[in-house]
Amino acid sequence: MSDTVETRPGLRRSLSVWQAVGLSVALMAPSMAANINPQQTAAAAGRAVPLAFLLSAVGVLLVAYGFVKLCQHYQHAGSVYAFVGATLGPRAGVVSGIGLLGTYTFYAVVTSSAAGTLGTAFLTQVGLWPDPPSWGPFVLTAVALIGAWLLSVLPARRGTSTLLAVEGATIAVILLVTVVILVRLLAGGAPGGARFTMTVFVPETGLSGVFLGAVFGFLSFAGFEAAATLGEETHDPKRNIPRAILGTAIFGGLYFVVVTAVEMMAFGGDAGAFHDSPSLLGDLGSRYAGAWVGDVISVGAAISAFGCCLACVVGGSRLLYALGRDAGVGLGRTSSRGTPVAAVGAVTGAAALIILVCALFFGATASDTFAWSGSIGTLILLVIYLLTTAGAILLLFVKRRMRVPAWHLVFPVGALAVLGYTVYVNVVPYPADGPARWFPVVAAAVLVLAVIFVLSAPAYARRVGERLGTVDGGA
């Protein structure tokens with residue numbers, strides 16, 4: 001084809017630190033997450049939702065330490081594929097790369113489904129689609145996937161600028177509403193007698209419930225490391241990629257703790273009503289500022305979901321590009337615009353296939369594909385984070401490739417503890433019935449298939465090792 005050029009050089013260094021931030025923020029999707037994730041935390045932690053998010057923020061910052069150090073040493077479009085491969089070996093790297101690719105693909109399903117569900121709810125709310133059929137949200141889900149594909153085949157500079165714009169606007173609206181609610185809480189004129197109180201940081205269910213609830217807080221940060229996939233496209237990557245990752249993690253921590261605290265106070269500390277809300281900030285915007293504000297936040301959350309879908313496709317396609325490039329196949333090629341068009345098509349096609357299979361063979365709704373794929377993708381992601389953190393320990397404290405104080409070992413060790421406990425509470429006790437019993441099975445199947453692939457293709461593993469050797473030392 002005329003628009004296909006050589007595989008190397010392929011990706012172009014054209015992105016600023018803010019465009020790298022755009023990818024991480026859009027994939028983390030804080031505006032969407034603040035609307036739909038805290039309810040699950042309330043089921044375990046009661047009113048102490050902000051305390052659970054504070055604990056998860058600490059855990060994420062511990063994980064971020066390893067990513068920051070690895071990004072200062074390596075710049076590679078494969079992100080954890082390169083990090084784990086260069087530290088724990090090429091076979092482990094390929095398994096990590098395929099695993100993270102699976103996570104991004106499942107998250108593309110999650111976010112496109114969320115865009116369809118939230119978008120349909122907004123159209124119904126304003127009277128434009130008063131009685132949508134059960135399959136109605138899948139129409140907007142398809143629109144979201146097609147839109148993500150179109151924007152992803154443009155140079156990433158345009159795509160990431162779009163991500164930062166749509167997510168930034170939505171976050172700004174949410175923060176404005178949060179300030180309005182906080183002022184009314186402080187003034188004593190809030191609906192239902194709600195008031196400002198720090199009791200939302202005091203656990204009712206004991207610390208075990210708070211730590212269990214922190215699992216959902218931790219999942220809200222998923223994607224904070226996405227900027228690492230732009231290591232070959234960002235100017236001064238040794239400096240800008242770590243800044244993007246750490247800055248996103250710090251911002252997410254402050255944002256989620258403050259917003260969830262105000263949300264719980266606005267509900268009067270009623271964890272039951274909090275848990276039952278379909279859209280926390282949409283409900284509170286209507287109650288505290290006016291119905292139109294709730295509408296604005298609802299449509300903003302749908303846009304946030306689309307931006308997150310776009311980020312999943314961008315990040316996943318860069319990973320698949322890196323894997324294909326090292327395998328010497330067509331997926332490792334770029335177009336004349338410098339974007340991995342074939343990889344983009346493969347990621348969006350796989351996401352569409354997952355949705356079709358769930359809907360046609362299991363009778364899933366868009367809400368089901370959201371929940372199912374989110375659980376599966378996150379379980380895979382936690383294992384990948386464990387491998388990446390172990391690689392950082394090997395690089396920094398065993399091989400000592402970078403000069404860091406010995407006491408810094410507490411950060412990755414703390415990350416291992418948080419990640420290990422998070423995996424544990426997700427599978428113990430093992431779900432006995434319902435769709436949840438299949439989530440660990442599917443997640444494990446993705447990783448097992450990745451292991452089988454690398455064991456059956458030793459020549460590929462050798463090529464990966466040789467290729468990753470060229471990025472050793474941050475070259």
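For the numbers below, each heavy atom of this structure counts, side chains included, while hydrogens, waters and symmetry mates do not.
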*Distance-minimising heavy-atom pair for Gln72 and Met402*: OE1-CE, 3.5 Å
*Quick one: pull up OG in Ser375 and CH2 in Trp438 and give me the separation to the nearest 0.5 Å.*
15.5 Å
Please table the atom pairs, donor to acceptor, closer than 3.5 Å between any side-chain atom in residues 82-101 and protein atoms at least two apart or in another chain.
| unit_1 | atom_1 | unit_2 | atom_2 | d |
| --- | --- | --- | --- | --- |
| Thr87 | OG1 | Phe83 | O | 2.7 |
| Thr87 | OG1 | Val84 | O | 3.3 |
| Ser96 | OG | Ala92 | O | 3.1 |

*Identify the residue among Phe251, Phe224, Phe53 that makes a ring-ring contact (aromatic ring centres under 6.0 Å, His included) with Phe256.*
Phe53
*Who passes side chain to side chain contact (heavy atoms under 4.5 Å, CB included) against Asp368, sequence neighbours left out?*
Ala364, Thr365, Trp372
*To the nearest 0.5 Å, tell me how far Leu310 CG sits from Leu145 CG.*
11.0 Å
*Output, in order, the C-alpha distance, side-chain angles, deciding distance and verdict of side-chain contact (heavy atoms from CB on, under 4.5 Å) for Phe138 and Ile355.*
CA-CA 9 Å; Phe138 283 125; Ile355 293 172; 3.6 Å; yes
*Tell me, do Asn35 and Leu118 make a side-chain contact under 4.5 Å, heavy atoms counted?*
no
*Nearest-0.5 Å distance that lies between atom CG in Leu62 and atom CG in Leu416*: 10.0 Å
*Worked verdict on Thr111 versus Met32 for side-chain contact (heavy atoms from CB on, under 4.5 Å)*: CA-CA 9 Å; Thr111 50; Met32 180 184 70; 4.1 Å; yes
*Taking only residues two or more places apart in sequence, or in another chain, which ones meet Tyr65 in a ring-ring contact (aromatic ring centres under 6.0 Å, His included)?*
His408, Phe411
*Can you measure from CG (Leu246) to CD1 (Ile241) and round to the nearest 0.5 angstrom?*
13.0 Å
*What is the minimum heavy-atom distance between Ala249 and Val60, and which atoms define it?*
CB-CG1, 4.1 Å
For residues 390-399, which side-chain N or O atoms pair as donor and acceptor with protein atoms under 3.5 Å away, sequence neighbours left out?
none

*May I have the step-by-step check of side-chain hydrogen bond (donor to acceptor under 3.5 Å, both in side chains) for Ser317 and Tyr104, ending in yes or no?*
CA-CA 9 Å; Ser317 64; Tyr104 281 146; over 6 Å; no
*Go through the structure and list residues passing side chain to side chain donor-acceptor pair (under 3.5 Å) with Arg243, not counting sequence neighbours.*
Asn240
_Rounded distance [0.5 Å steps], CZ in Arg318 versus OG in Ser152_ = 7.0 Å
*asked:* Run Phe306 and Leu151 through side-chain contact (heavy atoms from CB on, under 4.5 Å) and show every step you take.
replied: CA-CA 11 Å; Phe306 169 71; Leu151 286 177; 3.9 Å; yes
*Can you name the one residue among Val258, Val200, Val262, Val259 that meets side-chain contact (heavy atoms from CB on, under 4.5 Å) with Pro50?*
Val200
*Can you name the side chain to side chain donor-acceptor pair (under 3.5 Å) partners of Tyr385, sequence neighbours left out?*
Glu225
*Stepwise side-chain contact (heavy atoms from CB on, under 4.5 Å) test for Leu386 and Val423*: CA-CA 10 Å; Leu386 280 167; Val423 173; 4.3 Å; yes
*Okay, side chain of Asp283, backbone of Ser277: is any donor-acceptor separation there less than 3.5 Å?*
no
*Nearest non-hydrogen partners of Cys309 and Ala108, listed with the distance*: SG-O, 3.9 Å
